[in-house]
Amino acid sequence: MDILMNLRDEAYTRAVDELSDLIASGETIRNEEENIRRFSEQMIYVREIIIKLQSQQSGGQFTCRSTTASLLRRMEIAVNNARETIEGYKSKTSLLRLLFCRSVISKLNQSSKEIADVLSLLPLTDIGISLNINSNLDAIIHSLKSMELKLEENTKTIRSRLDLYISEYSDPSLPPLIEAKEVKVGEPINEAYQFTKMLECFSSEMASPIQRERSTVDEIVSLPNIFFYCPLTLKLMEDPVNVSCNHSYERKAVEDYFNSGHKFCLLCKKELISSSSGKLELTPNPTLLNTISEWKQRNALINAEKNAKKKLRDAAERITFDNMESTNQALEELKAVMKEMPSCISEATDSSCKLVQKLAGLLKKSAGAGNAGLVLWCLLVIARFSQENKETMGRGGVIKCLLKQLKTEPIAAEVLLELSTNDRIAQKIIENKSSIPVLVSLLDNPNSYLAENARAVLQNLSNSISNIILIAKSGYLTPFLDEFNAQGNSEEMRVLMAEELAHMQLTDTAASNLNNENFIFHMTVMLTSSLPASQLASLKCIKRLMAFSGIRISFLSTVSTVSAVLCIITDTATEQQSRKEAFDILISLIETSQTFEQESYPGLLRLYSYSNIHNLLEQINPSTPDDQVWLLRLLLAMFQKSDTARDWIISDRKAMNHLFSTLNLDRNSEVRFNALKLVYCVTGNYPNDVPLPPPDKETTLNSIIAILTKSCIAEEVSIAANIISHLPRGDKSVDAVLQSSTVLKAINALISHANKSNGFLENAFGALLRCIDQSNSSFLIQVGKLEPVIVQMLSTGSSLVKQRAAMILTHLARCTPESSTSLLGTLHFRQPSWKNVFSTHCTVHESCSLQRVICLVKAGAVRPLIDMVDAMNPVAAEAALRALDTLFDNGNPEPSVSQSMFNAVAAGTIVENKGAAPILEVLERGPLPLKKVALELFGKIYKHSDITSKELEKFKAILLYLLNEDDELKKKAKVLLTEFF
């Protein structure tokens, strides 16, 4: 409130001081300027009112101080303008006062009205009573409002007093009205020259935007100067000369006058000097001659302009909307007269002419009349004539019409360009919602003239930051970029612009304008700013621009930008929102980059550097949970893109310690989940076992098992299973932990998950395969209970699931529980047929001495395995062949059952399930590693009696072909061919 009171009191003081100065200036005006003096007297009353109002409100009454101060400021401006007007009036000569009196009174009238308006708004009720002038208050205001001099009477007074002035000061002995410095040395000075120069000075001084004042000057200048006339002939002089007394005459007339016996000057009665020969002495007056010539030319121009204005008015009157033929003729006449006499255009905006309004109306209706181009040409030259014309057009609805004509009439863009040079009209163009989109759409127009004009209009409209942003939102960013990169721009301004840019919908073409070195430099500088708002605005803007490949590459090419973003995420003092945006940017840069780009751009080299990765890993543990999540996501994105980065981590024990330390069930669940994904990314695609980092190997292993067995999130369990599948083999401490019923139960639950996917199954079977490695018999028996689902996966699983299921079956089929004895030792082969052996005895393996954890025949796995071979998937087919090969594993220490008999039974099983043809197909078309396994297996079954002669011939041909393969296949083929023959 104190601030408001101070502002109000200062406003009172300034208003009173200005009023005092104004009164002092007015009191010195001569008594004959009655109107100006009366204005000064009224200001005395105004000053008394203001002083009283100030004392009243200073005494404790408080009435809307901010409003009062604003009103007093208005009064101060009006009073100051009036004082300057009077001071300027006082400084002029007597004649110029006459000529300028009308303009002065008009300006004082404007100030009067403004002061009266302010008085009517001030709280004056109590003041009127205390001053005893309440009854006169309305009279004061009314008096101020009626100060304007009658213009017609004023004009007559000026002319009459001008005539009086000329008659009074015709004596050349009086001081000249112009400065001596305007006359050349030795040049005669006379009344005509003085007066002409004065009028020229007056004419230039009177030139102003107010057309009525200029027309008055034209009338005065158009009158011929009395000194242009010869005193003898009373005609305009054509060859003026000076006689000895310096008066000017027409040469021939004065010579005749002298020769006729007149020896004295007609004007001053001084004797005329003649030469020794008796000839009158005459001096040419080129100055007067030039002045008369100039006057003639100027007068001719004024008359021509008057005629042109009349033609323009006549043509304007004939413009109607009913008779287009007459209207078109009028338009042609308008064009001709405005071309011939451009100055006549001043008449176009006269209130009685209404030409602009008529042209605007025609523009709306010109689609069918075919005269749009002519109308637009007229509007263009009218707009070029003056700012006043532009504003009249801006108020006349022309802008909307021009926007509609832009695409069909290119000259419409030129008219709009002319109007846009006026700031007020430019704002009106901006306020038309369709203007900016229409202009931006023309930038790519094939008509270069139209496109350049549209671009120039947009440049003119970019006269404020709000307009620049509005234009940028429509897709034209050149003014935005120029303003953003401008030297001396404040950081706050760039923050505002960056925030706006971050929310703009940009096209590829528009965004390409931002791929600018200076722009990226300023963005990077904002990233390093100590102002949090600057950092955040820059980050949001960069994040938005990452969607455009050209700009993304520019940021990647600037190592300082990536370094600045990394500093933000590692600086604990940075605001959380800025850190989040920084993480988003880096992740986006990584996800959208190609592998080959990692070695091409300095920004990515900095990001993927060994030191940076280690720094990020070290940041995980001491960070807040939110930052831990973002750090893990960032590292995950990096490892998914870079094999080199993954290899660094696995080969670095310290880095692996940091990596596995994130696996802790007690951590935030989101942190744990992202840590699992990170470890999974590093280990999942690694071809070898991943060593657990000492000395916390047991803690890390227990964390992984805890997630597997206790987590309620299926995806977490699946990832933990995948990590288990890559744990090192041959480590007894690891094997002991894995071979537990709890682990097996978790794996079984994962396999049975209602929403199981191939990914879940692949991870589950990978973990199961790792668990049975080096396992004891009791654990294998528990695994054997999963036989149905394992066999099912041979038919329904993905290639990787099928491979792992076949490998598990291979392992189980070859493992015999320690308590079992020879199965085949208790068998009695009453029939030599292989069919009878398996059909009779495989169903009783559980009670036989040769028991396996699983029997492929009994489990129904033989046919699915043969189907896998037939599919010839390199990964799954090899595992299936090895599983089928377990049928030939006797494992019988008793000599009573020969290996050949066992082989015959196993071969019969494969042949009966139609396995010969798929194996031959692998031998013929399969990859080399698969051929080796298939040859080993087919070498055990080809002698079986159910192998057809066609299959044998094909096998023989394949063997001959394999003689040209690698040494191992060649050697085996030779052995089998020897057996054939």
Side-chain angles (χ1 to χ4, degrees), residues 632 656 659-684 689-694 696-790 793 797 800-801 804-805 807-808 811-812 853:
L632 291 166
M656 289 297 287
L659 184 65
F660 277 100
S661 67
T662 60
L663 300 177
N664 188 329
L665 188 63
D666 296 331
R667 282 184 181 269
N668 175 289
S669 59
E670 192 174 4
V671 174
R672 184 180 66 246
F673 180 64
N674 282 280
L676 273 171
K677 290 173 70 175
L678 181 60
V679 175
Y680 170 60
C681 175
V682 173
T683 62
D689 295 338
V690 178
L692 292 173
D696 299 324
K697 179 173 70 174
E698 185 176 347
T699 302
T700 301
L701 182 60
N702 288 335
S703 296
I704 298 170
I705 297 300
I707 294 170
L708 179 74
T709 57
K710 296 181 181 180
S711 176
C712 299
I713 303 172
E715 191 172 356
E716 280 192 0
V717 176
S718 175
I719 294 174
N722 179 276
I723 296 172
I724 287 172
S725 69
H726 290 85
L727 292 178
R729 288 167 172 76
D731 189 321
K732 293 183 179 180
S733 61
V734 174
D735 292 337
V737 174
L738 295 180
Q739 293 170 14
S740 69
S741 58
T742 306
V743 172
L744 187 60
K745 183 178 178 181
I747 294 173
N748 185 31
L750 183 60
I751 294 173
S752 307
H753 194 272
N755 297 320
K756 61 188 176 184
S757 64
N758 282 330
F760 282 15
L761 291 171
E762 288 168 1
N763 291 338
F765 275 84
L768 186 60
L769 187 60
R770 172 62 187 86
C771 288
I772 64 176
D773 186 69
Q774 304 295 325
S775 58
N776 55 51
S777 58
S778 60
F779 183 74
L780 290 174
I781 291 172
Q782 293 182 58
V783 175
K785 295 178 182 179
L786 301 177
E787 170 199 300
V789 70
I790 296 173
M793 288 301 107
L800 186 57
V801 171
R804 288 176 174 176
M807 292 173 71
I808 292 169
H811 194 87
L812 296 177
V853 171

- Message: Quick check: do Leu786 and Ile808 have side-chain heavy atoms less than 4.5 Å from each other?
- Response: no
Handout entry: Heavy-atom donor-acceptor pair, Asn748 side chain to Leu744 backbone, under 3.5 Å
Key = no
Contact between Leu761 and Ile751 at the side-chain level, heavy atoms closer than 4.5 Å - yes or no? yes
Open item on the list: Check whether His811 reaches the backbone of Leu769 with its side chain - one donor and one acceptor, N or O, closer than 3.5 Å.
Closed with: no
Between Ile707 and Val717, is the side-chain contact (heavy atoms from CB on, under 4.5 Å) condition met? List the steps.
CA-CA 6 Å; Ile707 294 170; Val717 176; 5.7 Å; no
query = Any donor-acceptor pair under 3.5 Å linking the side chain of Arg770 with the backbone of Leu727?
reply = yes
Rounding to 0.5 Å, atoms CD1 (Ile723) and CG (Leu701) come to a distance of 11.0 Å
Do any N or O atoms from the side chain of Ser725 and from the backbone of Asn722 form a donor-acceptor pair under 3.5 angstrom? yes
Tightest non-hydrogen contact, residues Cys771 and Val743, listed as SG-CG1, 3.9 Å
Strictly below 4.0 Å, N to O, side chains only: are Arg672 and Glu716 in salt-bridge contact? yes
Between the CZ atom in Arg804 and the CE atom in Met793, the distance rounded to the nearest 0.5 Å is 14.0 Å
Please check this pair: side chain of Ser703 against backbone of Thr699, looking for a donor-acceptor N/O pair closer than 3.5 Å. yes
Separation between CE (Met807) and CD1 (Ile772), nearest 0.5 Å, reads 8.5 Å
Report yes if some heavy atom in the side chain of Phe765 is under 4.5 Å from a heavy atom in the side chain of Ile790; otherwise report no.
-> yes
The reported gap from CD1 in Ile719 to CG in Asn674 (rounded to nearest 0.5 angstrom) is 9.0 Å
dist Thr700:OG1 -> Ile704:CD1 (nearest 0.5 Å) comes out at 6.5 Å
Tyr680 versus Asn763: any side-chain heavy-atom pair under 4.5 Å?
yes
d(Leu738 CG, Arg729 CZ) to nearest 0.5 Å is 10.0 Å
